[in-house]
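Worksheet: the structure to be examined is printed underneath.
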2 protein chains.
Amino acid sequence: MTDLDDTDRAILRILVHDATQSAAQVGRAVGIGQPAAWRRIKRLTDHGIIAGRRVMLDNAALGFGVTVFLGIRLAAKGRTSLEDFERAVTAIPEVQLVQHVLGQFDYRLRITARDITDFERILRRRIMTLPGVGQVEANVMLSEERRPGPLG
Amino acid sequence: MTDLDDTDRAILRILVHDATQSAAQVGRAVGIGQPAAWRRIKRLTDHGIIAGRRVMLDNAALGFGVTVFLGIRLAAKGRTSLEDFERAVTAIPEVQLVQHVLGQFDYRLRITARDITDFERILRRRIMTLPGVGQVEANVMLSEERRPGPLG
DNA sequence: CTTGAAAAGAACTGCCT
DNA sequence: AGGCAGTTCTTTTCAAG
């Protein structure tokens, strides 16, 4: 495992929040020069600690004002049913995130819909018809706040 | 609300997956030139549809191999208790995501821990001592798959 | 680690179809 | 809207302290 020092952690903290910053800006923020910052970022990327760069979309601005989290417990758990379920759930365009979990539920899904009516349509016609669905729990998201996480 | 055409949607689909691509590369992928692609990306950013750019971290590579989702129902729901709870939960470094939700639970938290022992420590000393916690449900994440979402 | 420099490429601008 | 050409900036690599 690669060991990171405080400077690496500071760099990650910045880039997780805003990856538009240049290596020079990041370097200035953490008290090192541009080449040093660049080398560190490259090392973190090469070692897979930085796993990728993505743009974040404003779902509301795209007309998808409703985000719902579903907890799904499968009725019949066989080896094949997990794969069947995953294949089917992956084909639903409104599903943003599929998490295989251990606990009260077997899967957690993040769904985006235009409005509650649209969500009901997705739930009835897409989710409830998935192979093997048992108990389904829904939580509508009101607000969300991302935190830096274990980096501090 | 800004209306997007198919080209805009194609651009977003690419950048949500990998934002390291240059405007020229994105343009080539959607069949337009570099300046046209750049102008579209800028417009999408200015209109807030692209809400930001972030690096994705590999929590496992950072030594945080365990991700747990907590559903939390507050015991006493008063006007102040929501704010007290949010303030306290925000101060826990292992909390990556705080979602205020409507449904069976009041909040959903994403927690990262080094291992299950570490998670138990966080749960007992940090989560269970939060102001107003009632019912707590935990799901340990096994795997996660992101999908393009409503864009296609 | 730093500074400085140079080459490549990406970002940005103005003009034209 | 898109394309072309040019300018400015960052990125990326180097040498040297």
Quiz item: From A:Ile122 CD1 over to A:Thr117 OG1, what is the distance, rounded to the nearest 0.5 angstrom?
Solution: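 Answer rounded to 0.5 Å: 10.5 Å.
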
Under 3.5 Å, sequence neighbours excluded: what are the donor-acceptor pairs made by side chains of residues 124-133 of chain A?
{"residue": "A:Arg124", "atom": "NH1", "partner": "A:Glu120", "partner atom": "OE2", "Å": "2.8"}
{"residue": "A:Thr129", "atom": "OG1", "partner": "A:Arg125", "partner atom": "O", "Å": "2.9"}
{"residue": "A:Thr129", "atom": "OG1", "partner": "A:Arg126", "partner atom": "O", "Å": "3.2"}

Rounding to a whole Å, what distance do you find between [X]:[atom1] and [N]:[atom2]?
{"X": "B:Arg43", "N": "D:dG2", "atom1": "CZ", "atom2": "P", "value": "9 Å"}
{"X": "A:Trp38", "N": "C:dA5", "atom1": "CH2", "atom2": "P", "value": "20 Å"}
{"X": "B:Arg39", "N": "C:dT13", "atom1": "CZ", "atom2": "P", "value": "10 Å"}

Kindly list each side-chain donor-acceptor pair under 3.5 angstrom involving residues 143-152 of chain B, sequence neighbours excluded, with atom names and distances?
{"residue": "B:Glu144", "atom": "OE1", "partner": "B:Arg110", "partner atom": "NH2", "Å": "3.4"}
{"residue": "B:Glu144", "atom": "OE2", "partner": "A:Gln99", "partner atom": "NE2", "Å": "3.1"}
{"residue": "B:Glu144", "atom": "OE2", "partner": "B:Arg110", "partner atom": "NH1", "Å": "3.0"}
{"residue": "B:Arg147", "atom": "NH1", "partner": "A:Thr90", "partner atom": "O", "Å": "2.9"}

[X] side chain to [Y] main-chain N or O, any donor-acceptor pair under 3.5 Å?
{"X": "B:Asp106", "Y": "B:Leu74", "value": "yes"}
{"X": "A:Asp18", "Y": "B:Gly52", "value": "no"}
{"X": "B:Arg54", "Y": "A:Val16", "value": "yes"}

Exercise. Write down the distance separating the P atoms in C:dC12 and D:dT12, rounded off to the nearest Å.
Key: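 15 Å, rounded to whole Å.
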
Quiz prompt | Any residue of residues 26-35 of chain B with a heavy atom less than 4.0 Å from an atom of DNA chain D | solution =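 The stretch gives B:Ile32, B:Gly33, B:Pro35 as the residues lying under 4.0 Å from the strand, ordered by number.
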
Exercise. Could you identify which residues of residues 9-25 of chain B place a heavy atom less than 4.0 Å from some atom of DNA chain D, listed by residue number, or say none?
Key: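 The answer is none.
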
State, with a plain yes or no, whether a side-chain heavy atom of [X] is found less than 4.5 Å away from one of [Y].
{"X": "A:Leu12", "Y": "B:Leu62", "answer": "yes"}
{"X": "B:Phe119", "Y": "B:Val140", "answer": "no"}
{"X": "B:Ile11", "Y": "B:Leu4", "answer": "no"}

Quiz item: Who pairs with A:Asp8 by salt bridge (Lys or Arg N to Asp or Glu O under 4.0 Å), at least two apart in sequence or on another chain?
Solution: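 Salt bridge (Lys or Arg N to Asp or Glu O under 4.0 Å) list for A:Asp8, sorted by chain: A:Arg40, A:Arg43.
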
Quiz item: Does NZ or CZ of B:Arg73 fall inside the cone over B:Phe105's six-membered ring, less than 6.0 Å from its centre and within 45° of the axis?
Solution: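 Relative to the ring axis of B:Phe105, which defines the angle, B:Arg73 lies outside at least one limit.
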
Exercise. State the dot-bracket string of DNA chain C. Criteria: Watson-Crick or G-U wobble, both atom distances under 3.5 angstrom; notation: ( ) intrastrand, [ ] crossing earlier pairs, | interstrand, . unpaired.
Key: ||||||.||||||||||

Quiz item: What about B:Arg40, does its side chain sit under 3.5 Å from the base of D:dG2 through a donor-acceptor pair?
Solution: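 No pair found.
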
